[in-house]
Amino acid sequence: MRELLEAVAAGELSPAEAEAELAGYATGEAGRFDAARTTRSGVPEAVLADGKTPAEVAALASTAVETTGRAIVTRADEAVAEAVEDVLAADHPEATVEADGRSGVVVATTPDFERPDLDAAVGVVTAGTSDAVPAGEAAAVAREMGATVERVDDVGVASLARVVDSLEVLREQDALVVAAGREGALPTVLAGLVDVPIIGLPVSTGYGHAGEGEAALSGMIQSCTALSVVNVDAGFTAGAQAGLIARRIDDARSDG
């Protein structure tokens with residue numbers, strides 16, 4: 001502890017960095033950032049923009065960069081992305097900020113931050129273009145956890161020829177996140193065709209009876225094939241699960 005205090009006194013360490021070292025989290029006016037989550041669970045902490053003001057999200061992102069060298073923001077609209085970019089430009093001008101307007105994911109990293117590099121591949125599959133938002137979130141999280149991500153888009157069951165044409169690349173992956181709305185059939189179909197762990201990601205596309213992802217979620221839960229299922233639009237969770245699988249596979253390949 002004395003070394004930390006001396007580093008803060010010398011200006012070599014910020015109070016937030018010292019707090020993160022001691023408690024595992026850093027506290028600011030916008031809330032607490034879990035700086036130790038990656039070390040503890042293997043899953044990076046992310047700042048969920050839903051329910052927060054752009055200023056709050058930006059403040060938490062700044063704390064994330066300060067304490068871990070990286071910030072991941074999810075469900076970010078244009079106003080949130082701009083606020084994050086502006087605050088980081090002032091607080092951490094050396095950081096690189098990448099914003100994906102479609103998936104709503106913003107990732108910022110310092111020059112000395114090193115992403116994990118796993119010897120494992122995760123396929124992120126969409127039934128249709130409408131499923132791209134949560135699928136993009138899943139892809140971003142798996143990528144930030146170190147997996148190589150392969151996107152296979154618009155292969156829904158309305159035309160099984162598209163699925164069949166993609167089987168070769170899908171079978172090469174170590175885990176698959178399969179996003180589908182409406183009746184959510186694609187993960188079930190794929191689980192019967194490939195020997196790869198599949199994480200079903202129901203999407204809130206569809207309308208009418210059991211719309212907004214309800215039918216997709218029910219269909220995946222009731223699947224007669226072997227697959228795992230996350231909540232509706234839970235792209236972060238799906239990507240994190242795939243990333244954890246990728247970590248274990250990387251460990252096994254390294255040991256072999």
Side-chain angles (χ1 to χ4, degrees), residues 1-117 132-134 136-147 149 233 235-237 239-240 243:
M1 182 181 293
R2 184 179 182 84
E3 291 179 356
L4 285 175
L5 294 174
E6 290 176 345
V8 172
E12 299 170 354
L13 203 66
S14 71
E17 289 174 302
E19 183 184 21
E21 287 283 343
L22 292 170
Y25 58 83
T27 305
E29 292 184 3
R32 296 180 179 181
F33 177 78
D34 186 356
R37 186 176 182 186
T38 300
T39 302
R40 187 180 67 250
S41 70
V43 178
E45 174 77 320
V47 180
L48 174 66
D50 283 352
K52 299 181 182 72
T53 67
E56 289 171 337
V57 175
L60 287 167
S62 181
T63 300
V65 170
E66 181 178 358
T67 56
T68 69
R70 174 177 64 182
I72 302 172
V73 179
T74 61
R75 310 293 175 94
D77 59 17
E78 185 176 352
V80 167
E82 289 180 356
V84 170
E85 290 176 355
D86 289 345
V87 168
L88 291 183
D91 294 351
H92 306 284
E94 77 285 0
T96 299
V97 182
E98 298 178 357
D100 184 345
R102 184 68 185 277
S103 67
V105 176
V106 180
V107 176
T109 55
T110 58
D112 57 350
F113 178 80
E114 294 184 7
R115 288 184 178 88
D117 185 14
V133 174
E137 187 174 288
V141 173
R143 188 177 295 112
E144 288 304 311
M145 291 178 68
V149 175
D233 290 340
F236 181 93
T237 304

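For the numbers below, each heavy atom of this structure counts, side chains included, while hydrogens, waters and symmetry mates do not.
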Which side-chain N or O atoms in residues 89-96 pair as donor and acceptor under 3.5 Å with protein atoms at least two apart or in another chain?
| from | atom 1 | to | atom 2 | distance (Å) |
| --- | --- | --- | --- | --- |
| D91 | OD2 | S62 | OG | 2.9 |
| H92 | NE2 | S62 | O | 3.2 |
| H92 | NE2 | S62 | OG | 3.3 |

Would you list the atom pairs, donor with acceptor, under 3.5 Å between side chains in residues 137-146 and any protein atom, with sequence neighbours excluded?
| from | atom 1 | to | atom 2 | distance (Å) |
| --- | --- | --- | --- | --- |
| E137 | OE1 | R75 | NE | 3.1 |
| E137 | OE2 | F236 | N | 2.8 |
| E144 | OE1 | R70 | NH1 | 3.0 |
| E144 | OE1 | R115 | NE | 2.9 |
| E144 | OE2 | R115 | NE | 2.8 |
| E144 | OE2 | R115 | NH2 | 3.2 |

Per-pair distances, 0.1 Å, donor-acceptor, side chain in residues 104-114, under 3.5 Å, sequence neighbours excluded:
| from | atom 1 | to | atom 2 | distance (Å) |
| --- | --- | --- | --- | --- |
| T110 | OG1 | G69 | O | 3.4 |
| T110 | OG1 | D112 | OD1 | 2.7 |

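In plain terms, the two heavy atoms of A81 and A99 that are nearest each other are CB-CB, 4.4 Å. Nearest heavy atoms, V73 versus A49: CG1-CB, 4.4 Å. The heavy-atom pair separating T68 from A35 by the smallest distance is CG2-O, 3.7 Å.
For E45, the salt bridge (Lys or Arg N to Asp or Glu O under 4.0 Å) test picks out R37, with sequence neighbours left out. Partners of D77 by side chain to side chain contact (heavy atoms under 4.5 Å, CB included), not counting sequence neighbours, listed by chain and number: A79, V80. Partners of A83 under the side chain to side chain contact (heavy atoms under 4.5 Å, CB included) rule, at least two apart in sequence or in another chain, are P54, A58.
Using a 4.5 Å heavy-atom threshold, the side chains of L88 and V65 count as touching.
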